[in-house]
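Beneath this line is the structure, given in structure tokens, with notes to follow.
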Amino acid sequence: MIQSNRNNSVEKEVDFDAVVVGAGFGGLYSVHKLRNELGLNVHAYDNGSDVGGTWYWNRYPGALSDTESFLYRLSFDKELLEEDDWKDNYLTQPEILSYLNRVADKFDLRRSYQFDTKVTVTHFNEENNYWEVTTDKGETVTAKFLVTGLGLLSATNVPNFKGRETFKGEQYHTARWPREGVDLKGKRVGVIGTGSTGVQVIISIAPEVDHLTVFQRTPQYSVPIGLKEQSDAEKAEIKANYEEIWKQAKSSAVAFGFEESRVSAVEVSKEEQERVFEEAWNTGGGFRFMFGTFNDIATNLEANEAAANFIRKKVQEIVKNPETARKLTPTGLYAKRPLCDNGYYNTYNRDNDSLVSVKENPIVEITPTGVRTTDGEYELDVLIYATGFDAVDGNYTKIDIRGRDGITMSEKWADGPTGYLGMMNTNFPNLFMILGPNGPFTNLPPSIETQVEWISDTVKYMVENDISTIEPKQEAEDEWITTCQTISDQTLFSKGESWIFGANIPGKKNTVMFYLGGLGNYRKTLEESGYKGFIFD
Ligand code: N01
């Protein structure tokens, strides 16, 4: 427990030094750093019944990470990897959940958690410089530091279709998939949404259902993931090169374990473009295809079109039914978080799979027996919403968070969510957000690790120097937001409509919610700027 040495201190004792919210990668690592390493008195909450965060909730069929197995983990403890074994070069949801359970066991993290508990209200008490944290169980505790690992993609988005509640069959959002599973055998199943989640569900359930109807709004650019069994020799090499692998990932832009290309697509011949794209197509990986082939696919229209065209041709080659191929072929920019899959386009060659373009024939309503679009009714037994998330701030605005002078987080973010270094906000002292707005856009565990380490170093510094509060300076926060905006303006991402900018939620303001400058530069910024942008009191 922190002992205050301040002579002039009138602050009341707190119940806990820190409250941590969330039991995913970020929350678990925070509890380890703050409790096990700094020796603080930590209490943690999660809404789920056990650890896992994103991977606790997303149990839908086919759920898989699109980061390779050796980098979808925490790197701080080499033993964790040494002890670990895995089957393929990508981890399935049960494997990731099992990994996070092993992390919790190894570091005895579960005992700090109160599960099945939602934090509903949290107010900063300016008189005592602590956070009051209230849960849906009606309890309130106080803590000097509040660390939130609420998840970037965890507030589910279920579009408000007319008649949704009248459907007599079963309906599920993919991120709220029942723990006991769902029997889809022999059923007529509809899937709305063809993002990363939809694509995985569709591939996974198509062989088992009687008939699958996919309701697609925007056709997607997706490349093969390159899923394969990882040999013992490959695993041994990964373990032997542990230090170099993580050094490379943490200094790279997207932290997916490959070197980002330094070659411009527009400076090579068409033949060379084809060769490089074909090689990446055969190797697999969405980020590798977008960032490992050429360095300007996400920034230069001509380069982007070359990559997009390559994928379009592949769709046309793979999909046998010309009308389905036409509907599946993407037309606009290739500028969303890149997708990859294990046989998506090929799924549409099955006899029991049909594609409805809801751009051409919009959904009119959900009826008791299915989905009615402008071209007719599709009868269904089960309806699956793979419709994504209210990303980044969606989980924050659900909580009544108030900082100085009673300002609410929703008020602070009225023009869209923002944050200093992706972790803090003016007027919200001692509130550390893991993957808060304006943080890096990468393979997430290395960014989470970076932020949790910065947070625990900062807390340590404050404890050692008897500092009560930390808060960004307004000018530092403004400058960081401008930096994020400037970098984003240089990319084509800002012109593609996706959750990255909040464009998927009707009425949500389109905002730059990420720092697109890469993890390496982000880490350099943290290191070089020190605490210049902060006010300590
Ligand atoms: O969500 P999304 P997601 N009517 O928002 C459609 C991570 N992730 O859960 O494109 C009809 O991308 C929407 O259509 P459109 C990863 O970061 C990773 O799939 O907006 N359709 C789209 O097709 C990913 O980027 C992994 O026109 C509607 C879909 O629903 C992020 O999660 C796996 C609609 C939503 O796609 C989000 O992915 C899974 C409406 N009213 C997730 N509203 C891996 O690691 C929305 N849609 C592999």
Side-chain angles (χ1 to χ4, degrees), residues 53-55 57-69 71-72 90-93 95-96 151-162 164 173-177 190-204 214-227 254 256 284-287 290 328 330-333 335-342 344 355-366 371 373 383-392 394 435 441-445 447 493 496-508 513-514:
T54 291
W55 300 97
W57 294 105
N58 282 270
R59 295 165 187 263
Y60 60 84
L64 180 88
S65 165
D66 62 3
T67 304
E68 287 190 66
S69 311
L71 274 176
Y72 204 74
Y90 292 92
L91 300 174
T92 61
Q93 176 271 335
E95 287 175 303
I96 302 167
L152 201 58
L153 295 151
S154 42
T156 54
N157 168 44
V158 180
N160 198 14
F161 295 119
K162 186 178 159 211
R164 194 157 49 88
H173 188 283
T174 46
R176 291 293 175 275
W177 202 257
V191 175
I192 304 178
T194 55
S196 297
T197 303
V199 160
Q200 292 184 338
V201 176
I202 290 162
I203 298 168
S204 170
V214 176
F215 298 92
Q216 166 198 272
R217 192 163 64 180
T218 312
Q220 299 282 2
Y221 294 97
S222 189
V223 304
I225 192 167
L227 184 69
V254 292
F256 271 78
F287 275 78
M290 188 180 265
L328 269 177
T331 50
L333 283 173
K336 294 182 178 179
R337 186 185 182 280
L339 267 73
C340 55
D341 67 81
N342 195 24
Y344 177 61
L355 180 70
V356 177
S357 164
V358 299
K359 199 150 247 170
E360 293 169 9
N361 297 107
I363 294 173
V364 178
E365 63 178 338
I366 310 292
V371 173
T373 71
L383 180 54
I384 298 173
Y385 289 92
T387 40
F389 303 89
D390 182 359
V392 185
L435 301 182
F441 185 75
T442 66
N443 166 33
L444 293 177
S447 284
F493 271 78
E497 292 203 336
S498 77
W499 63 264
I500 300 173
F501 291 83
N504 63 326
I505 302 296
K508 187 165 173 171
M513 298 201 286
F514 288 94

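One-based numbering, in listed order, for ligands and for the atoms of each. What you see below is based on every heavy atom in this structure, not just the backbone, and it leaves out hydrogens, waters and symmetry mates. Worth saying up front: this structure is predicted, and the values here are computed from it rather than measured.
Looking only at side-chain heavy atoms (C-beta outward), Thr387 and His173 come within less than 4.5 Å of each other. Looking at heavy atoms from C-beta onward, Trp57 lies in side-chain contact with Arg176 at the 4.5 angstrom threshold. Residues Phe514 and Leu152 form a side-chain contact, since some pair of their non-hydrogen atoms from C-beta on lies under 4.5 Å apart. Looking at Phe493 and Phe501, their side chains come closer than 4.5 Å, going by heavy atoms from C-beta outward.
Tyr60 counts as a contact of ligand 1, since one of its heavy atoms falls under 4.0 Å from the ligand. Proximity of Gln216 to ligand 1 is not established, as no heavy-atom distance is less than 4.0 Å. Under the 4.0 angstrom criterion for non-hydrogen atoms, Tyr385 is not in contact with ligand 1.
In this structure, Tyr72 contributes its side chain and Ile96 its backbone to no donor-acceptor pair below 3.5 Å.
Each of the following atoms of ligand 1 lies closer than 4.0 Å to a heavy atom of Ser65: 45 (O). Heavy-atom proximity to Lys336, at under 4.0 Å, picks out these atoms of ligand 1: 10 (O). Close approach to Phe389 involves these atoms of ligand 1, each under 4.0 Å from a residue heavy atom: 9 (O). Ligand 1 places these atoms under 4.0 Å from at least one heavy atom of Leu64: 44 (C), 45 (O), 48 (C).
Relative to atom 42 (C) of ligand 1, the option among Thr194, Asn58, Thr197 with the closest non-hydrogen atom is Thr197. Here the shortest heavy-atom distance to atom 27 (O) of ligand 1, taken over Ile500, Thr218, Val358, belongs to Thr218. The closest non-hydrogen atom to atom 28 (C) of ligand 1, taken over Arg217, Lys359, Gln200, comes from Arg217. For atom 29 (C) of ligand 1, the choice among Ser154, Ala386, Ala175 with the nearest heavy atom turns out to be Ala386.
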Apply the test side chain to side chain donor-acceptor pair (under 3.5 Å) to residues Thr442 and Ser447: give CA-CA distance (whole Å), side-chain angles for both, the deciding distance (0.1 Å), then the verdict.
CA-CA 7 Å; Thr442 66; Ser447 284; 2.6 Å; yes
Verify side-chain contact (heavy atoms from CB on, under 4.5 Å) between Phe161 and Leu383, making sure each step is shown before the conclusion.
CA-CA 13 Å; Phe161 295 119; Leu383 180 54; over 6 Å; no
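Of the candidates Val356, Ile363, Ile384, Val158, Ile363 is the only one forming a side-chain contact (heavy atoms from CB on, under 4.5 Å) with Ile192.
Close N/O approach between Arg337 and ligand 1 is found [any backbone or side-chain N/O within under 3.5 Å].
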